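Please read the structure below before turning to the comments.
The structure presented is a predicted model; accordingly, all values stated were derived computationally and were not measured. Letters go in sequence order (proteins before strands), and every chain restarts at 1.
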There are 2 protein chains.
Amino acid sequence: MSLLLSKKSEYAIQSLLYLTLTKKGLAVTAADIADHLQIPKEFVSKILQELTNSGFIESRKGKGGGFLLGKNPKEIYLIDVVKAIQGNDVFEGCVLGFPGCSDEYPCAVHSSWIKLLNDTKKMLGSRNLHQLAHKTVVKFDAIRNKLI
Amino acid sequence: MSLLLSKKSEYAIQSLLYLTLTKKGLAVTAADIADHLQIPKEFVSKILQELTNSGFIESRKGKGGGFLLGKNPKEIYLIDVVKAIQGNDVFEGCVLGFPGCSDEYPCAVHSSWIKLLNDTKKMLGSRNLHQLAHKTVVKFDAIRNKLI
DNA sequence: AATAAATCAGACTTTTAACTCTGATTAAAA
DNA sequence: TTTTAATCAGAGTTAAAAGTCTGATTTATT
């Protein structure tokens with residue numbers, strides 16, 4: 001896990017970016033995604049299921065099936081994905097772990113932390129899949145060519 | 001765990017703040033700290049041991065023993081504690097989980113993430129125990145009086 | 001010297017995140 | 001209609017973080 005996101009969130013975002021880059025209307029299998037992202041197929045399948053349930057993607061069963069984006073990639077922001085995967089209250093709570101920390105009863109670093117948190121939320125809330133997808137092509141290439 | 005720190009780090013910082021507020025030269029027992037912080041005694045004992053090994057505090061064995069700060073609280077910055085507990089590479093790694101993410105081979109949000117990370121490090125790197133301790137008295141009071 | 005009160009060390013357990021497996025279902029194509 | 005290739009659902013496993021327990025050691029006090 002990075003400092004901010006769980007592995008699940010990371011893989012969810014990577015998968016969505018991959019789906020954004022595939023031809024519209026064409027279903028991509030979990031195996032294909034797992035292969036291109038170099039992550040476990042079974043795990044990514046679970047995550048794709050969750051993303052289906054939360055409406056980010058659609059699934060097609062049976063032969064020729066797979067997954068495709070369920071919305072316009074311009075309307076899927078990183079923060080939406082993170083909240084769907086990690087829960088709506090990921091961004092709550094005191095940094096120092098003190099109970100009942102709030103603007104009224106702040107801990108010693110409360111205001112600075114709130115600023116950092118707002119910046120983080122602003123960052124995740126202003127980047128959508130459409131903006132990020134083409135910048136990610138090079139990453140997918142590097143993984144495929146085992147440059148990493 | 002909050003977005004940034006592990007429970008261990010949180011309790012470590014809380015314990016150090018508590019020790020900063022106690023009379024110089026007087027050892028405080030793990031039980032006392034656990035009680036005032038309302039966290040498990042055995043767990044905090046483990047953490048205090050680690051903090052002893054990394055030189056933040058000193059321990060006195062036997063009757064009348066306990067723990068006390070090993071350095072000047074003006075010289076203990078939050079980031080030092082976090083690195084000691086969570087490891088030096090806490091602040092490494094790609095937010096989106098892509099391998100080999102760097103300035104040369106950035107992911108789609110690399111530069112924004114580096115900025116957030118630097119702000120975070122700056123925050124943790126500029127607050128020492130001395131600055132924070134007195135602002136924390138009210139938190140300890142609230143916990144003791146079960147106001148929370 | 002005995003007792004009491006503390007840390008110390010390390011094994012153990014629980015919980016949560018990460019990951020795996022299996023069998024059922026669905027649907028296209030032969 | 002049978003086969004093949006996919007998702008679906010949910011149980012199971014593993015690894016890491018969080019938390020507990022126990023027994024040994026240390027040291028001040030009686």
Under the ring pair (Phe, Tyr, Trp, His ring centres under 6.0 Å) definition, can you give me all pairs with a residue in residues 57-101 of chain A, not counting sequence neighbours? A:F98-B:F140
In whole angstroms, how far is the P atom of C:dT16 from the CD1 atom of A:I85? 19 Å
Where do A:V44 and A:S15 come nearest, in terms of heavy atoms and distance? CG2-OG, 3.5 Å
Residue pairs fulfilling side-chain hydrogen bond (donor to acceptor under 3.5 Å, both in side chains) with at least one residue in residues 44-54 of chain B, sequence neighbours excluded: B:K8-B:E50
I'd like to check the side-chain contact (heavy atoms from CB on, under 4.5 Å) partners of A:E42; sequence neighbours left out, ordered by chain and number. none
Check side-chain hydrogen bond (donor to acceptor under 3.5 Å, both in side chains) between B:K83 and all other residues, then give those that pass, not counting sequence neighbours. none
Quick one: A:F67 CZ to C:dA27 P, roughly how many Å, whole number? 14 Å
Within this structure, what is the CG-to-P distance between B:D35 and C:dA6, rounded to whole angstrom? 13 Å
Does anything in residues 13-33 of chain B reach DNA chain C, meaning a heavy atom under 4.0 Å, and if so which residues? B:T29, B:A30
Output for pair (A:E10 CD, A:I39 CD1), nearest 0.5 Å, gives 9.5 Å
Are the side chain of A:Q14 and the backbone of B:G97 linked by a donor-acceptor contact shorter than 3.5 Å? yes
Of the non-hydrogen atoms in B:T29 and B:G65, which two are nearest, and what is the gap between them? CG2-O, 3.7 Å
In residues 47-66 of chain A, which ones come under 4.0 Å of DNA chain C, going by heavy atoms? A:K61, A:G62, A:K63
Side-chain donor-acceptor contacts of residues 114-132 of chain A below 3.5 Å, not counting sequence neighbours, with atom names and distances?
from   : atom 1 : to     : atom 2 : distance (Å)
A:N118 : ND2    : A:I114 : O      : 3.4
A:T120 : OG1    : A:L116 : O      : 2.8
A:S126 : OG     : A:K122 : O      : 3.0
A:S126 : OG     : A:M123 : O      : 3.2
A:R127 : NH1    : B:S112 : OG     : 3.1
A:R127 : NH2    : B:S112 : OG     : 2.9
A:N128 : OD1    : A:H130 : N      : 3.1
A:N128 : OD1    : A:Q131 : N      : 2.8
A:N128 : ND2    : A:K74  : O      : 3.3
A:Q131 : OE1    : A:N128 : N      : 2.9

Where along nucleotides 19-24 of chain C does protein come under 4.0 Å, by heavy atom, of base (B) or sugar-phosphate alone (S), with - for untouched nucleotides? BBB---
Holding to side-chain hydrogen bond (donor to acceptor under 3.5 Å, both in side chains), I want the full list of residues that pass it with B:N88, two or more places apart in sequence or in another chain. none
A:F56: partners by ring pair (Phe, Tyr, Trp, His ring centres under 6.0 Å), with sequence neighbours left out: none
Using C1' atoms of five pairs at each end, report the bend of the helix from C:dA1-D:dT30 to C:dA30-D:dT1 rounded to 10 degrees. 20°
Listing request: all ring pair (Phe, Tyr, Trp, His ring centres under 6.0 Å) pairs with a residue in residues 23-51 of chain B, at least two apart in sequence or in separate chains. B:Y11-B:F43, B:Y18-B:H36
Donor-acceptor pair, side chain of B:K139 and main chain of A:P106, under 3.5 angstrom: no
